[in-house]
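Working notes, beginning with the structure itself.
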Amino acid sequence: MALEWQTRSAGETEELGRLLASLLQPGDVLCLHGELGAGKTVLARGIARGLGVAGPVTSPTFTLINEYSGRLPLYHMDVYRLEGPGDMADLGYEDYFYGSGVTLVEWAGRVKEILPSERLDIYLEGSLQDPELRRILFAPRGERYEELVKELSTLVRARH
């Protein structure tokens, strides 16, 4: 059961991330997909805020991983600059994917071979007609994430 939602501003995209964060548990893996400017980092910032992370939240394009402390640890990865899944081994990705925090991977398609089979894939797409409009598709992989998407759907619909 996928959930598709549209946001009409960066603020709405960030708020959607906050709602999602309220449902997250240790070990959750979120994989973000979308072109440059699609809103991946804005959604990631909302997730971080929803987990209680204070201070700046930026895409770790050059550092590859930013670790944040909140209600749960947040491991924010940006794998855009990696050559492929082999480079992930050097990062110790399994410690993150199977650890006690939430792992968020931007540009996840670049390392799809090593992603956990159970995860939440999130596809973000901008609009050529309206630069503020975002189409966001939540595609659960596994029972845990199907339940998560159902709960998110209920929360989102209650707010709108």
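Counting begins at 1 with the first residue of the sequence. Nothing here was measured: the structure is a model prediction, and the numbers come from that model.
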[X] vs [Y] side-chain heavy atoms within contact, under 4.5 Å:
| X | Y | answer |
| --- | --- | --- |
| L3 | R157 | yes |
| L43 | I47 | yes |
| L124 | V42 | no |
| T41 | V57 | no |
| E106 | H76 | yes |

Which value, rounded to the nearest 0.5 Å, describes the distance between [X] atom [atom1] and [Y] atom [atom2]?
| X | Y | atom1 | atom2 | result |
| --- | --- | --- | --- | --- |
| D95 | S100 | CG | OG | 10.5 Å |
| E125 | R135 | CD | CZ | 5.0 Å |
| L152 | S22 | CG | OG | 8.0 Å |

Should R18 and E14 count as an ion pair when the cut-off is N to O under 4.0 Å?
->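 Yes.
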When you check the gap from the basic side-chain N to the acidic O, do R144 and D28 get nearer than 4.0 Å?
->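 Yes, R144 and D28 are salt-bridged.
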Would a distance-only check, ignoring hydrogens and angles, find a side-chain to backbone donor-acceptor pair under 3.5 Å from R134 to A38?
->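 Looks like yes, one N/O pair under 3.5 Å.
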Hey, does the side chain of K40 reach the backbone of G34 with a donor-acceptor pair shorter than 3.5 angstrom?
->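 Yes: the side chain of K40 pairs with the backbone of G34.
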Does [X] belong to the same Ile/Leu/Val/Met/Phe/Trp/Tyr cluster as [Y], with side-chain heavy atoms less than 4.5 Å apart forming each link?
| X | Y | value |
| --- | --- | --- |
| L137 | L36 | no |
| I122 | L23 | yes |
| W5 | L104 | yes |
| L32 | L133 | no |

Do you know the tightest heavy-atom contact between [X] and [Y]?
| X | Y | result |
| --- | --- | --- |
| A48 | L74 | CB-CD2, 3.6 Å |
| P116 | V29 | CG-CG2, 4.0 Å |
| L72 | P26 | CD2-CG, 3.7 Å |

Please collect all ring-ring contact (aromatic ring centres under 6.0 Å, His included) contacts where either partner lies in residues 95-122, sequence neighbours excluded, each pair once.
->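 Residue pairs passing ring-ring contact (aromatic ring centres under 6.0 Å, His included), neighbours aside: Y75-Y96, Y80-W107, Y93-F97.
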Using the ring-ring contact (aromatic ring centres under 6.0 Å, His included) rule, collect all pairs that involve residues 114-145, keeping only residues at least two apart or in two chains.
-> H33-Y123
Residue among V105, L24, T103 satisfying side chain to side chain contact (heavy atoms under 4.5 Å, CB included) with L30 |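 Going through the options one by one, the only one that passes is L24.
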Show your working on side chain to side chain contact (heavy atoms under 4.5 Å, CB included) between L51 and Y68 and close with a plain yes or no.
-> CA-CA 9 Å; L51 288 172; Y68 300 101; over 6 Å; no
Do other residues, nucleotides or ligands put more than 12 heavy atoms under 6.0 Å from the CD atom of Q25?
->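 Count over threshold, so yes.
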Other residues, nucleotides, ligands: >12 heavy atoms within 6.0 Å of E35 CD = no
Sequence neighbours excluded, which residues qualify as salt bridge (charged side-chain N to carboxylate O under 4.0 Å, His left out) partners of R49?
->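 R49: no salt bridge (charged side-chain N to carboxylate O under 4.0 Å, His left out) contacts found.
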